[in-house]
Amino acid sequence: MKRVGLLGCGAIGTQIALAIDSGKIPAELTHVYDASKDSALELVSKLKIKPEIVENSHLLSSHPVNIVVEAASQDAVKDVALSVLQNKRDLMIMSVGALLDESIYDILSDACKDFKKTIYLPSGAIAGLDGIKSIKDELESISITTTKHPRSLKGAKFFEDSDINLDSIVSSTLIFEGTAKEAVSLFPANINVAALLSISGIGSEKTAVKIIADPNTDKNTHHIVATGKFGNMIFSIENFPDSNNPKTSRLAILSAIETLRKYCSDEIQIGT
Ligand SMILES: NC(=O)c1ccc[n+]([C@@H]2O[C@H](COP(=O)([O-])OP(=O)(O)OC[C@H]3O[C@@H](n4cnc5c(N)ncnc54)[C@H](O)[C@@H]3O)[C@@H](O)[C@H]2O)c1
């Protein structure tokens, strides 16, 4: 059985832990950490088999786990990702936006080779990355339009320097238009999907992003259009937000669980 260390005990971390505890993921959750001790304690209280709560995030990979699963924040990735690989553990990252910092991406990519370890990036709240990866060399343009309820966008850095008042929006309104690189720094908790598309495709400066706030929607919708010599790909994903964290889609949680389940299972692997 694979041994798992979990960094982040929020909406995603909790569901991953419950999936391990119920046997859906054939693994042992041995250690957890969250900057909020209360969140870690609350998570552990829900589990039949209790993992140890460690005192800081770096201690997760100093224990003999096979993989550290990050479901915390971009800062957490920047802080611990390299040391996880140096400790010869695999790593699964949910806060993918952190990798759009090219120096971090290059450092982690080199570390994977140096320490012969793998970083897993689940498809998160979108679908179609298998296709995008395959046609990457023939991709000419790619865009993603994300539509969310204004409450799912609250707290984003973008609004610190903007006149837009989310509470006064009464109909579907374009909030942001730019590159994935700009979007990820301005909406760090909302737009990991744009980071994933960039990394799978032609990079963050060539991936176009629109963000729409719509007070009349109850879904997080991502509409992706890719064109090139291969033909065209159009994906529309309508996600229900998670009940514990409206910024996170249910699909993102299920995708994290499936990625870890696959990592922990010996079986036929489906898809590109
Ligand atoms: N890849 C995707 O498609 C996708 C989709 C949704 C969310 N996410 C990202 O996954 C991460 C987790 O999402 P969530 O919905 O579980 O969030 P959440 O807010 O419900 O939980 C995050 C938890 O991590 C803890 N945390 C934050 N920074 C930390 C740090 N530096 N060290 C230790 N603990 C820290 C918080 O205290 C919190 O308990 C977020 O960064 C989110 O943006 C990615």
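Atoms within each ligand, like the ligands themselves, are counted from 1 in listed order. Numbers for residues simply follow the sequence, beginning at 1.
- Near Ser39, meaning under 4.0 Å from any of its heavy atoms, are these atoms of ligand 1: 39 (O).
- Under a 3.5 Å cut-off, the side chain of Asp214 and the backbone N or O of Lys148 do not form any donor-acceptor pair.
- Judged purely by distance below 3.5 Å, without hydrogens or angles, the side chains of Asn87 and Ser61 pair a donor atom with an acceptor atom.
- Within ligand 1, the atoms closer than 4.0 Å to a non-hydrogen atom of Ala76 are 30 (C), 31 (N), numbered from 1 in the order shown.
- Nearest protein neighbour of atom 5 (C) of ligand 1, counting heavy atoms only, is Ala252 CB, 3.3 Å.
- Atoms of ligand 1 found under 4.0 Å from any heavy atom of Ala11, numbered from 1 in the order shown, are 15 (O), 16 (O), 18 (P), 20 (O), 21 (O).
- In this structure, the protein non-hydrogen atom closest to atom 11 (C) of ligand 1 is Ser95 OG, 3.5 Å.
- The pair Glu42-Lys37 fails the salt-bridge criterion, with no side-chain N (NZ, NE, NH1 or NH2) lying under 4.0 Å from an Asp/Glu carboxylate O.
- Between the side chains of Ser83 and His58, at least one donor-acceptor pair of N or O atoms lies under 3.5 Å.
- Atom CD1 of Ile142 is separated from atom NZ of Lys136 by 10.5 Å, given to the nearest 0.5 angstrom.
- Those atoms of ligand 1 that come under 4.0 Å of a heavy atom in Tyr33, given as number and element, are 33 (C).
- Within 6.0 Å of CD in Glu55 there are 12 or fewer heavy atoms belonging to other residues, nucleotides or ligands.
- Considering backbone and side-chain atoms together, Met94 places an N or O closer than 3.5 Å to an N or O of ligand 1.
- Among protein heavy atoms, the minimum distance from atom 21 (O) of ligand 1 is reached at Gly10 CA, 3.2 Å.
- The shortest heavy-atom distance from Ser57 to ligand 1 is not under 4.0 Å.
- Polar contact check, Thr248 against ligand 1: a nitrogen or oxygen pair lies under 3.5 Å apart.
- Taking the six-membered ring for Trp and thresholds of 30 and 60 degrees, Phe159 and Phe187 have ring planes more than 60 degrees apart, a perpendicular arrangement.
- The single protein non-hydrogen atom nearest to atom 39 (O) of ligand 1 is Asp34 OD2, 2.6 Å, given as residue, atom name and distance.
- With distances taken over non-hydrogen atoms, the option nearest atom 26 (N) of ligand 1 out of Ala72, Ala194, Pro241 is Ala72.
- To the nearest 0.5 Å, atoms NZ (Lys46) and CG (Leu18) are separated by 7.0 Å.
- Interface of Asn245 with ligand 1, defined as ligand atoms under 4.0 Å from a residue heavy atom, comprises 14 (P), 15 (O), 17 (O), 18 (P), 19 (O), 20 (O).
- For the atom pair Thr248 OG1 and Asn245 CG, the distance stands at 4.0 Å (nearest 0.5 Å).
- For Ile126, no heavy-atom contact with ligand 1 is shorter than 4.0 Å.
- The distance criterion of under 3.5 Å between nitrogen or oxygen atoms is not met by Lys247 with respect to ligand 1.
- Look at Lys24 and Glu258 and you find no salt bridge, because none of the NZ, NE, NH1 or NH2 atoms lies under 4.0 Å from a carboxylate O.
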Requested in this report: Would you sort out whether Lys154 and Asp167 count as a salt bridge (Lys or Arg N to Asp or Glu O under 4.0 Å), showing the intermediate values?
Outcome: CA-CA 9 Å; Lys154 279 213 162 146; Asp167 293 326; 2.7 Å; yes
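- Of all atoms in ligand 1, numbered sequentially from 1 with element shown, those under 4.0 Å from a heavy atom of Gly124 are 2 (C), 3 (O).
- Here is the list of ligand 1 atoms found below 4.0 Å of a heavy atom in Gly8: 24 (O).
- Backbone and side-chain nitrogen or oxygen atoms of Ile12 are examined, and one is located within less than 3.5 angstrom of a nitrogen or oxygen of ligand 1.
- With distances taken over non-hydrogen atoms, the option nearest atom 9 (C) of ligand 1 out of Leu251, Leu196, Asn192 is Asn192.
- In this structure, Glu138 places its CD atom where more than 12 heavy-atom neighbours from other residues, nucleotides or ligands lie under 6.0 Å away.
- A salt bridge does not link Glu140 with Lys206: every distance from a Lys NZ or Arg NE/NH1/NH2 to an Asp or Glu carboxylate oxygen is 4.0 Å or more.
- For atom 29 (C) of ligand 1, the closest heavy atom belonging to the protein is Ser73 OG, 3.6 Å.
- Here the heavy atom of the protein found nearest to atom 33 (C) of ligand 1 is Ala35 N, 3.2 Å.
- Residue Ala125 approaches ligand 1 through these ligand atoms, each under 4.0 Å from one of its heavy atoms: 3 (O).
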